[in-house]
Amino acid sequence: MSNNKTLLLLGSGAREHALAEKLTRDGATVHVLPGNAGIPNSNPEIDPLDFEAVKAFAQAHDSKLIVVGPEAPLAAGITDFFAGSDIQVFGPTRSAARLESSKVWSKEFMRRHGVATAQAWPFRSDNIAEARVKAAELGGHVVVKYDGLAAGKGVYVCASPEEAEAAFDDLQTSYSGWFSFLLEEKLTGPEISIIGLTDGHVIRLLATSQDHKQLLAGDLGPNTGGMGAYCPVPFADDNVLATIRRDIIDPTLRGLQHEQFEFRGFLYFGVMITPTGPKLLEYNVRLGDPEAEVLLPALDSSLLDLIEGTLNGTLSRQGVVQRPGAFVGVVLASGGYPVSGFPTGFPITGLDNLPAGVQAYHGATRHDAAGQLVTNGGRVLVLTAHGQDLSEATARAYEACRVVSFQDMYVRTDIAQRPAPVLTQAVVN
Ligand code: AMP
Ligand code: GLY
């Protein structure tokens with residue numbers, strides 16, 4: 001059905017490498033804007049936020065489909081820009097992208113439509129004093145969230161009044177001028193990423209997955225863009241998923257319809273399984289990174305067909321088939337990340353000797369003047385392995401990590417090894 005399709009893919013990280021690889025396997029010719037040193041058909045000269053340049057490229061390559069990896073082009077309105085043209089964009093309109101681009105708006109949407117979520121209070125930068133009082137009332141067990149897109153920063157998870165104070169101070173120094181933020185009750189429990197393709201009516205879910213956001217083993221240290229991921233999540237069984245559908249996913253779809261949003265794209269639910277049931281922490285309007293680097297190798301169905309079905313109204317007739325077994329992706333990061341200022345430009349060796357079946361997705365790599373592949377940022381590569389079960393996939397992923405090397409390489413040592421949580425009845429009722 002999908003042979004000889006030419007499409008543009010926007011973005012430049014390991015998520016986009018996984019998307020490009022999967023869509024190519026599905027039969028598409030994929031041009032990546034801008035891409036990176038490891039992704040075939042990359043076009044580093046094109047800025048995905050320059051919509052006129054994207055349009056000219058699409059016309060020159062006779063492409064009628066644009067798949068968007070990161071949130072920024074969606075929040076900037078790329079879907080609205082191409083509306084009414086013969087080029088379709090897989091991703092929501094700018095106003096629907098506020099589910100991700102505004103934490104305050106998104107929380108109000110959850111409330112309007114009865115989506116299970118943490119209690120929260122919106123504030124503006126001119127009344128931080130009131131927020132300080134509220135945080136003190138809650139004993140400092142709060143989460144402070146900057147309202148806008150903050151590239152993985154801008155969320156402060158606090159465990160004491162002092163930490164909450166430090167979060168407010170940091171907000172004031174990091175964001176100048178007028179801004180909004182959210183103060184949220186701090187919840188506890190394991191997190192799951194639930195990601196699907198939706199046309200706003202039907203949703204087709206990919207496997208359940210877990211990210212590992214913190215730098216250090218044991219979920220300690222600073223938050224990063226993600227140090228590794230795996231799928232599927234063993235404790236997210238049918239009962240847990242049924243509760244998540246009832247309390248989070250279905251109310252969201254009803255909300256999208258009620259507010260007449262154009263939403264054709266990936267929708268990501270960041271869910272925490274709390275002792276009183278699943279609660280939504282955040283929406284993203286795109287695939288997760290590094291979740292994509294395990295979900296796409298795990299997907300047996302054609303992603304290209306699912307994307308076309310979402311855009312053309314046939315998603316309800318399509319199913320999603322997963323490959324059996326488990327998938328584990330481990331990030332190879334530059335030493336010093338996520339604090340800025342760490343050195344890059346180190347030669348990368350070993351990629352030619354990866355064990356069979358391991359995928360290497362390039363995040364931040366480039367070729368230097370001599371043509372040597374070198375590091376070019378914090379999250380350099382993601383190595384993804386498959387196994388019959390999680391322990392086999394994990395062992396294979398770490399075996400692959402021992403083959404690749406570059407100066408100051410850092411790998412978190414406990415990806416996919418969290419102990420199984422004990423879930424309460426509230427989760428499965
Ligand atoms: P967000 O960008 O809203 O998903 O927040 C980033 C991370 O902060 C989440 O993945 C959680 O680990 C944590 N977090 C966010 N909201 C809460 C909350 N209400 N309670 C506890 N942790 C949270
Ligand atoms: N893995 C979390 C995110 O993509 O936002």
Side-chain angles (χ1 to χ4, degrees), residues 11 13-16 18-19 68-72 74-75 97 99-107 109-110 115-122 135 138-159 163-164 167 181-195 206 208-215 219-231 233 248 266-296 329 331 338 361 363 379 382 412 415 418:
R15 169 183 50 207
E16 285 72 31
L19 273 165
V68 184
E71 62 280 13
L74 298 167
L99 287 177
E100 175 167 357
S101 63
S102 167
K103 299 268 187 207
V104 172
W105 188 89
S106 167
K107 182 65 78 172
F109 176 92
M110 295 176 209
V115 176
T117 187
Q119 270 197 290
W121 300 266
L138 296 166
H141 292 281
V142 293
V143 182
V144 181
K145 298 183 176 182
Y146 174 71
D147 184 45
L149 291 178
K153 301 189 184 100
V155 174
Y156 308 83
V157 182
C158 310
E163 283 184 25
F181 63 98
L182 211 56
L183 185 68
E184 232 175 79
E185 66 168 324
K186 184 178 166 184
L187 304 173
T188 56
E191 289 179 48
I192 330 179
S193 306
I194 309 275
I195 305 174
L206 304 178
T208 54
S209 59
Q210 263 194 331
D211 186 4
H212 297 66
K213 287 195 173 112
Q214 282 164 296
L215 184 69
D219 292 326
L220 299 171
N223 262 344
T224 69
M227 297 307 296
Y230 74 89
C231 75
V233 180
I248 294 174
F266 290 112
L267 183 54
Y268 170 128
F269 302 84
V271 175
M272 185 173 266
I273 312 291
T274 78
T276 58
K279 301 275 190 307
L280 183 66
L281 299 183
E282 64 161 344
Y283 295 111
N284 292 316
V285 297
R286 52 171 172 78
L287 272 176
D289 188 354
E291 289 94 328
E293 293 93 297
V294 292
L295 292 174
L296 296 175
V331 172
Y361 296 119
R379 292 188 302 155
V382 179
R412 188 172 143 169
I415 303 302
R418 290 192 179 111

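Whatever order the structure lists ligands and atoms in, that order sets their numbers, starting from 1. Count residues from 1 along the sequence.
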Quick one: pull up [atom1] in [X] and [atom2] in [Y] and give me the separation to the nearest 0.5 Å.
X: R286; Y: E71; atom1: CZ; atom2: CD; value: 4.5 Å
X: W105; Y: M110; atom1: CH2; atom2: CE; value: 10.0 Å
X: K279; Y: T274; atom1: NZ; atom2: OG1; value: 4.0 Å
X: K107; Y: W121; atom1: NZ; atom2: CH2; value: 9.5 Å
X: E184; Y: H141; atom1: CD; atom2: NE2; value: 15.5 Å

Original post:
Heavy atom under 4.0 Å from ligand 2: found in N284's side chain, backbone, both, or neither?
Top reply: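 Side chain only.
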**OP:** Test Y268 against E282 for side-chain contact (heavy atoms from CB on, under 4.5 Å), laying out the working first.
**Re:** CA-CA 8 Å; Y268 170 128; E282 64 161 344; 4.1 Å; yes
Subject >> For G288, the ligand 2 atoms whose distance to one of its heavy atoms is below 4.0 Å >> reply: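 Reading through ligand 2 atom by atom, the close ones are 4 (O).
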**OP:** List the steps, then state whether side-chain hydrogen bond (donor to acceptor under 3.5 Å, both in side chains) holds for S209 with E291.
**Re:** CA-CA 7 Å; S209 59; E291 289 94 328; 4.8 Å; no
Should [X] be counted as touching ligand 2, given the test is an N or O pair under 3.5 Å?
X: D211; value: yes
X: D289; value: yes
X: E291; value: yes

Original post:
Do any heavy atoms of R286 fall under 4.0 Å from ligand 2?
Top reply: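 Distance cut 4.0 Å: R286 passes for ligand 2.
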Original post:
ligand 1: which residues have a non-hydrogen atom closer than 4.0 Å?
Top reply: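 Correct list: K103, A118, V143, K145, V155, V157, E184, E185, K186, L187, E191, K213, M272, L281, E282.
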**OP:** Provide, to 0.1 Å, the distance between atom 2 (C) of ligand 2 and the closest protein heavy atom, together with that atom's residue and name.
**Re:**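 Heavy-atom neighbour on the protein nearest atom 2 (C) of ligand 2: Y268 OH, 3.4 Å.
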Subject >> Polar side-chain atom of T224 near backbone of P338 as donor-acceptor pair, under 3.5 Å >> reply: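 Side chain of T224 to backbone of P338: no pair is present.
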Original post:
Can you list the steps and then say if K103 with V155 is a side-chain contact (heavy atoms from CB on, under 4.5 Å)?
Top reply: CA-CA 10 Å; K103 299 268 187 207; V155 174; 4.3 Å; yes
